[in-house]
Amino acid sequence: MKRILIYSHDTFGLGNIRRMLSIAKHLVSEHKDYSVLLLSGSPMLHAFRIPQQLDYIKLPCLQRDELGMYGVRSLGIDMTDTLKLRSNLIRSTVEDYQPDIVMIDKKPLGICAELEPALDYLKKRRNPPGVILLLRDILDSPEVTRKIWQKRGYFDAIENYYDRILVVGQPEIFDIASEYDFPSAAAEKIEYCGYIRRESGLKNREEILTELGLNDRQKLLLITPGGGKDGTHLVTNYLKAIKTVSSQHFHSLVLCGPEMMEACQELVNTQARGCNGITIRNFTDDLMSYMNAADGVISMFGYNTMCEILTLQKPAIVIPRVRPVKEQWIRAMRMTEMGIVKAIHPDQLNTKNLKRAVNALLSKQYSVPSGKTIKLDGLPNIKRFITAYMQEISQRKSIRVKSCTTAQGLHQADLSEQTESMAEVAIEHFSRD
């Protein structure tokens, strides 16, 4: 089996783990001789369907607050000890698993440089693996990203440890190398793969409508704040807005997200009791089925949500996150300029604006986004790259083995010649005697 190790950045929301799981699932579905091991501290990893040839090692959870500060989520020990534990687990895993390819999500050195010992080990290995950095389309604002990458030595890490950078986006929308001032040595390693088309859901529209007790005459709006940790403001404003909209001909499905705090979920459930035509749920691992059944979407605008909207070509109102990073807002602005979505800045999120958005979706004032300008071939492109890279690594190993065999044969031949020469000298010496 060819072995792939994936490290998933995991401190806020579900975006990173869902994206890396999609890549892992696609690889094992296309290659029966691939074994993929995923390293992540995501607290929701167990809730996703894990296929054959894919498994994971759960790292202790970290979390990031709205100011971007890291902390320990639940273990009860300090940050230094938790990072040491995570780093040691990662280091021992790469040593025992001996991957052929390593794919690192987002941070070249991991959270707080926890990957550095493992990367040092891999670099010194006799047969080093291919090491790939996977970046989403947008990281943060150019000013912030340039400063952070320089400060944390990420460009040096790319030069020292990485063979390639795969970007799941396209440069016509956001050119990472240019926007973030990548040095030429790092820029030359970039491969743009396109966005990730989401796989189909498990249920069709009719099944979802039946499940929700709806008929074809009722429209369905899906409201999703992603993981939900910072989604309470969106959901509560939506609930206030629909109290002033006639709900006779539409139904609202609100997916709060598994990371919404319990007190916030209670607040949402309390407000929902005064609304007609609404279903509140916490989490689903089959979001595509529900989005496919919906007539419109109101959501935040993380990478995965954008790909789901594009894949299904759903009209959408997005309220992107702007803190602690501006990634979602930049993405929303680029997509709004292209006529793909309509965006509301979270500082302008209020009952009035959401009521207007709901009415616009229900009256089909927003067109279905066109996929013509967006390339959704990220997964097959990653697969093609990994396949070619696996072959290249195998060829390197084969050359090394042949070289070692040849060298060993030459060494043995030299020894034989030396032995024969010594024997001839001895015979000649004894003949003289």
Side-chain angles (χ1 to χ4, degrees), residues 9 11-19 64-68 106 135-145 148 167-170 173-174 176 179-180 195-196 198 221-238 241 254-257 259-260 264 287 291 294 296-358 360-361 366-369 373-374:
H9 177 63
T11 59
F12 197 97
L14 302 178
N16 294 293
I17 189 61
R18 289 181 62 210
R19 180 167 57 252
R64 187 189 69 191
D65 61 24
E66 292 189 4
L67 297 177
K106 187 180 175 183
L135 300 178
R136 66 182 181 228
D137 58 339
I138 302 167
L139 302 174
D140 197 350
S141 68
E143 303 78 25
V144 171
T145 302
I148 289 175
V167 180
V168 282
Q170 56 191 90
I173 296 172
F174 195 90
I176 277 183
E179 298 273 3
Y180 296 147
Y195 291 90
I196 294 177
R198 304 297 295 181
L221 295 185
L222 174 66
I223 297 83
T224 169
K229 188 171 184 178
D230 57 349
T232 308
H233 188 52
L234 166 58
V235 175
T236 54
N237 270 281
Y238 178 79
V254 179
L255 298 173
C256 294
E259 294 195 327
M260 183 176 285
C264 296
L287 182 62
M291 189 176 289
V297 177
I298 296 177
S299 69
M300 298 179 79
F301 207 47
Y303 181 89
N304 296 310
T305 301
M306 174 201 64
C307 290
E308 286 150 359
I309 289 169
L310 290 171
T311 298
L312 295 171
Q313 297 192 338
K314 292 293 176 179
I317 308 290
V318 299
I319 300 90
R321 181 184 297 129
V322 296
R323 287 177 290 272
V325 299
K326 292 184 171 61
E327 159 234 338
Q328 290 195 13
W329 178 248
I330 296 170
R331 182 181 297 119
M333 289 299 93
R334 299 290 170 98
M335 296 293 173
T336 296
E337 290 169 4
M338 298 170 69
I340 291 173
V341 297
K342 300 291 183 181
I344 299 175
H345 193 283
D347 292 343
Q348 298 175 336
L349 180 65
N350 54 46
T351 303
K352 180 180 177 181
N353 285 337
L354 272 178
K355 179 181 178 180
R356 185 183 298 118
V358 170
L361 284 175
Y366 293 156
S367 60
V368 174
T373 54
I374 305 293

Rounded at 0.5 Å granularity, tell me how far [atom1] in [X] sits from [atom2] in [Y].
X: R356; Y: N350; atom1: CZ; atom2: CG; value: 8.0 Å
X: L14; Y: I17; atom1: CG; atom2: CD1; value: 9.0 Å
X: I319; Y: I344; atom1: CD1; atom2: CD1; value: 5.0 Å
X: T224; Y: I298; atom1: OG1; atom2: CD1; value: 11.5 Å
X: M306; Y: I196; atom1: CE; atom2: CD1; value: 9.0 Å
X: I173; Y: T373; atom1: CD1; atom2: OG1; value: 6.5 Å

Taking all non-hydrogen atoms of both residues, which atom of P225 and which atom of G231 are closest, and how far apart?
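It is CB-CA, 3.6 Å.
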
If you take all heavy atoms of R331 and F301, which pair is closest and at what distance?
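Distance-wise, the nearest heavy atoms are NH1-O, 2.9 Å.
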
Would you please test V168 and C307 for side chain to side chain contact (heavy atoms under 4.5 Å, CB included) and show each step?
CA-CA 11 Å; V168 282; C307 290; over 6 Å; no

Stepwise side chain to side chain contact (heavy atoms under 4.5 Å, CB included) check, L255 with I223
CA-CA 6 Å; L255 298 173; I223 297 83; over 6 Å; no

Hey, does [Y] have a side-chain heavy atom less than 4.5 Å from the side chain of [X]?
X: K326; Y: V144; value: no
X: L361; Y: P315; value: yes
X: V297; Y: I317; value: no
X: R198; Y: M291; value: no

Between Y195 and D137, is any side-chain donor less than 3.5 angstrom from a side-chain acceptor?
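Yes, a side-chain donor-acceptor pair sits under 3.5 Å.
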
Please check if the side chain of [X] supplies one atom and the backbone of [Y] the other of a donor-acceptor pair under 3.5 Å.
X: Q328; Y: V318; value: no
X: Y180; Y: D140; value: yes
X: N237; Y: H233; value: yes
X: N304; Y: R18; value: no
X: K106; Y: N16; value: no

Does E179 form a side chain to side chain contact (heavy atoms under 4.5 Å, CB included) with I138? I'd like the steps, not just the answer.
CA-CA 10 Å; E179 298 273 3; I138 302 167; over 6 Å; no

Would D230 and M300 count as a side chain to side chain contact (heavy atoms under 4.5 Å, CB included) here? Give the steps.
CA-CA 10 Å; D230 57 349; M300 298 179 79; 3.7 Å; yes

Do R334 and F174 meet the cation-pi criteria used here (NZ or CZ under 6.0 Å from the six-membered ring centre, within 45° of the axis)?
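No; the conditions do not both hold, so R334 does not lie above the ring face of F174.
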
